[in-house]
Amino acid sequence: MLLKNTILFNTVNQIYMKKRVLFYLVAIVSTVSLQSCATNYVASKPATYSKEYKTDAKVASLSTTVTERDKQQLINSFLAEKAVSLNNAKNAIKNSEIAKSIRHNTTIDNILTEAQTYLGTPYRYGGMTRNGIDCSAFVLSVFGAAAGLSLPRVAASQSQEGESIEKEKLQKGDLIFFSHGRRISHVGIVESVTEEGEVKFIHAATSKGVMVSSLNDSYWGPKYRFGKRIINENGEAYNNLATTTPASSATNF
């Protein structure tokens, strides 16, 4: 009986010990598992933040790139429009200058063409027709018909119009004035200027009527006083020539 009890006690004790060992094993395993989870959480969390930070940085970088690209496109568009406007302005100026040059040349050509139709017309003091004409009436008639300008009637008054021009810079269509003394008494229209600088002019002379002469001539050269430009580079008159000046008793030759 005692032996049975002993065996029973030992069996129960062994069962109890096994349970305790099992309990400790479960506790240890649970503790290790918790530590592992905690470690994984701590270790993985910064990696997640890093990934999110990198993603945000990429978005910010992409946004900056897009902004800079749009800004550059806007600048390029502005520069292109400015270049087009500038080019259009240059073309407009160029076309305007060409138009002015054409108008000027046309006006001068018209004046000389009209003047040449008078060649051979006899001189007549005070005359104003193709039957007989004096120097100032000749100039007045030519500029009136070819350019629509109304110059004063006498040479002295005509010499007050336009812009003064040096002899070396005379051009076709300019007026040149002469005198025996101090008072201007003769006028002609520059017909041409040679490469050598010889100035030829068309005028109504007392000797042969309307003719072409040269400033190199021994008679006209010493009597030359100055030149005036009536038609500017735009083909327009320098002065307001709408009002005529009454004739005076000055002698034209």
Side-chain angles (χ1 to χ4, degrees), residues 97-119 121 123 128 133-180 182-206 208-245 250 252-253:
E97 292 299 322
I98 292 174
K100 290 178 181 178
S101 178
I102 292 174
R103 183 164 61 246
H104 173 266
N105 291 337
T106 299
T107 301
I108 298 302
D109 288 343
N110 289 342
I111 289 172
L112 295 178
T113 298
E114 178 67 17
Q116 288 165 358
T117 66
Y118 280 84
L119 286 173
T121 300
Y123 178 87
M128 297 185 65
I133 197 166
D134 63 26
C135 66
S136 57
F138 166 68
V139 170
L140 180 155
S141 299
V142 168
F143 273 78
L149 302 182
S150 183
L151 287 166
R153 173 63 181 86
V154 297
S157 297
Q158 291 174 359
S159 70
Q160 303 301 312
E161 303 294 341
E163 179 184 41
S164 296
I165 299 296
E166 297 178 6
K167 184 178 180 181
E168 295 74 16
K169 296 182 179 180
L170 287 171
Q171 298 177 2
K172 295 190 303 181
D174 291 340
L175 297 184
I176 51 178
F177 296 90
F178 305 83
S179 71
H180 282 297
R182 298 178 61 183
R183 183 176 176 79
I184 297 298
S185 55
H186 191 65
V187 59
I189 304 171
V190 176
E191 182 194 50
S192 64
V193 181
T194 67
E195 293 182 358
E196 294 74 22
E198 180 183 6
V199 177
K200 294 184 177 182
F201 62 101
I202 184 169
H203 62 129
T206 56
K208 296 181 180 180
V210 178
M211 60 182 292
V212 176
S213 300
S214 171
L215 281 185
N216 291 350
D217 186 271
S218 60
Y219 180 80
W220 294 108
K223 295 177 175 59
Y224 170 79
R225 294 296 177 263
F226 54 82
K228 284 296 193 74
R229 183 160 297 158
I230 302 300
I231 304 298
N232 63 22
E233 60 185 8
N234 298 329
E236 301 169 347
Y238 274 103
N239 296 7
N240 181 4
L241 303 174
T243 304
T244 60
T245 301
N252 296 322
F253 64 93

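Predicted, not measured: the structure shown is a model, and the values here were computed from it.
What you find for Leu151 and Glu161 is that their closest heavy atoms are CD2-CG, 4.3 Å. Contact detail for Ser141 and Met128: the closest heavy-atom pair is OG-O, 4.4 Å. Between Trp220 and Ala205 the shortest heavy-atom distance is CZ2-CB, 4.2 Å. The two residues Val193 and Leu170 have their closest heavy-atom pair at CG2-O, 3.4 Å. Nearest heavy atom pair, residue His104 against residue Ile231, reads CD2-CG2, 4.0 Å. Contact record, Gln160 with Lys228: C-NZ, 3.7 Å, taken as the closest heavy-atom pair.
Environment of CD in Glu233: sparse, with no more than 12 heavy atoms of neighbouring residues, nucleotides or ligands closer than 6.0 Å.
Ser136 places a side-chain N or O within 3.5 Å of a backbone atom of Arg153 that can act as its donor or acceptor partner. Judged purely by atom type and a 3.5 angstrom limit, Glu198 has no side-chain atom pairing as donor or acceptor with the backbone of Ser214. With hydrogens and angles ignored, the 3.5 Å screen pairs no side-chain donor or acceptor of Arg229 with any backbone N or O of Ile165.
Lys167 and Asp174 are not joined by a salt bridge, as no carboxylate oxygen comes within less than 4.0 angstrom of a charged side-chain nitrogen.
To the nearest 0.5 Å, atoms OH (Tyr118) and CD1 (Ile133) are separated by 5.0 Å. Note that the CG atom of Leu140 and the CG atom of Asp134 stand 9.5 Å from one another [nearest 0.5 Å]. The NZ atom of Lys200 sits 11.5 Å away from atom CG of Leu215, with the distance rounded to the nearest 0.5 Å. Atoms OG1 and CG, from Thr194 and Asn216 in turn, are 7.5 Å apart once rounded to the nearest 0.5 Å. To the nearest 0.5 Å, atom CG of residue Asn232 and atom CD of residue Glu163 are 8.5 Å apart.
Within the 4.5 Å cutoff, the side chain of Ile111 has no heavy atoms near those of the Lys172 side chain.
Among Tyr224, Phe138, Phe178, the one residue that satisfies the ring-ring contact (aromatic ring centres under 6.0 Å, His included) test with Phe201 is Phe178. Here the options are Thr106, Leu112, Thr107, the test is side chain to side chain contact (heavy atoms under 4.5 Å, CB included), and the partner is Asn110; only Thr106 passes.
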Step by step, work out the side chain to side chain contact (heavy atoms under 4.5 Å, CB included) result for Phe226 and Ile184. CA-CA 10 Å; Phe226 54 82; Ile184 297 298; 3.7 Å; yes
Determine, stepwise, if the pair Leu175 / Ile189 fulfils side chain to side chain contact (heavy atoms under 4.5 Å, CB included). CA-CA 5 Å; Leu175 297 184; Ile189 304 171; 3.8 Å; yes
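If you check the side chains of His203 and Ser213, you find a donor sitting under 3.5 Å from an acceptor.
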